[in-house]
Amino acid sequence: MVKEINGMEEFVEVVRDTPDKLIVLDFFATWCGPCMKIGPEIDKLAEEFPNVVFRKINVDKNDEICSQLKISSMPTFMYFKNGKYLDKSIGAILQNIRFYVEKFK
């Protein structure tokens, strides 16, 4: 199961202190149907790609992170590597998420 990030400090730590690995952040809400539908698929991707770091961020509990990253739709997936933002995808479309994981891993 993919771990959840709680707070800006933990977010910064994960992005900054995970060199040479792709980080996939799943911005979700518990009231978001598509978020809940894609969640188990993200868990499977995390198992399939053990060298990629997957983390979830609950938008209702992390206003500061969401505001800073301008998250306005759920689910949103953001991709980071070596402390740098690479790209994002919006929506519960597994093929898109898999595309970015393959591209950046």
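Annotation: side chain of Pro75 is not in contact with side chain of Phe27 (no heavy-atom distance under 4.5 Å). Using a 4.5 Å cut-off on side-chain heavy atoms (C-beta onward), Trp31 and Met74 make contact. Side-chain contact check for Phe54 versus Val101: some heavy-atom pair is nearer than 4.5 Å. Here the side chains of Ile71 and Met78 are in contact, with some heavy-atom distance below 4.5 Å. Two residues are said to be in side-chain contact when any heavy atoms from C-beta on lie closer than 4.5 Å; Ile57 and Asp26 fail this criterion. Looking at Phe49 and Asn51, their side chains never come closer than 4.5 Å, going by heavy atoms from C-beta outward.
Residue pairs meeting the salt bridge (Lys or Arg N to Asp or Glu O under 4.0 Å) criterion with at least one member in residues 88-105, sequence neighbours excluded: Glu48-Arg98, Glu102-Lys105. Sorted by first then second residue, the salt bridge (Lys or Arg N to Asp or Glu O under 4.0 Å) pairs that include residues 59-72, not counting sequence neighbours, number zero.
Remark: side-chain polar atoms of Glu10 are paired, donor with acceptor, to backbone N or O of Asn6 under 3.5 angstrom.
The CG atom of Asp20 sits 5.0 Å away from atom CG of Asn82, with the distance rounded to the nearest 0.5 Å. In this structure, the separation between OG on Ser89 and CG on Asn96 is 6.0 Å, given to the nearest 0.5 Å. Interatomic distance, Tyr100 OH to Leu22 CG, rounded to the nearest 0.5 Å: 12.0 Å. The structure places CD1 of Ile38 at 8.5 Å from CD1 of Ile93, a figure rounded to the nearest 0.5 Å. The structure places CG of Leu25 at 9.0 Å from CZ of Arg55, a figure rounded to the nearest 0.5 Å. Here the OG1 atom belonging to Thr76 is positioned 12.5 Å from the CZ atom belonging to Phe28, to the nearest 0.5 angstrom.
Val53 is connected to Met8 through a chain of hydrophobic side-chain contacts under 4.5 Å among Ile, Leu, Val, Met, Phe, Trp and Tyr, so both are in one cluster. Phe80 and Val14 fall within a single hydrophobic cluster, where Ile, Leu, Val, Met, Phe, Trp and Tyr side chains are chained together by heavy-atom contacts under 4.5 Å. Under the 4.5 Å side-chain contact rule for hydrophobic residues, Val2 and Val15 do not share a cluster. Residue Ile90 is not grouped with residue Phe99 when hydrophobic side chains (ILVMFWY) are merged at heavy-atom distances under 4.5 angstrom, including chains of intermediate members. Linking Ile, Leu, Val, Met, Phe, Trp and Tyr whenever their side-chain heavy atoms come within less than 4.5 Å puts Tyr85 and Leu69 in one cluster.
For Ala29 against Val59, the heavy-atom pair with the smallest separation is CB-CG2, 3.8 Å.
The aromatic rings of Phe104 and Tyr79 sit tilted, their planes meeting at an angle between 30° and 60°.
With respect to the salt-bridge test (charged N to carboxylate O, under 4.0 angstrom), the residues Lys44 and Glu47 do not qualify.
By the neighbour-count criterion of 12 heavy atoms within 6.0 Å, atom CE of Met1 is sparsely surrounded, having that number or fewer from other residues, nucleotides or ligands.
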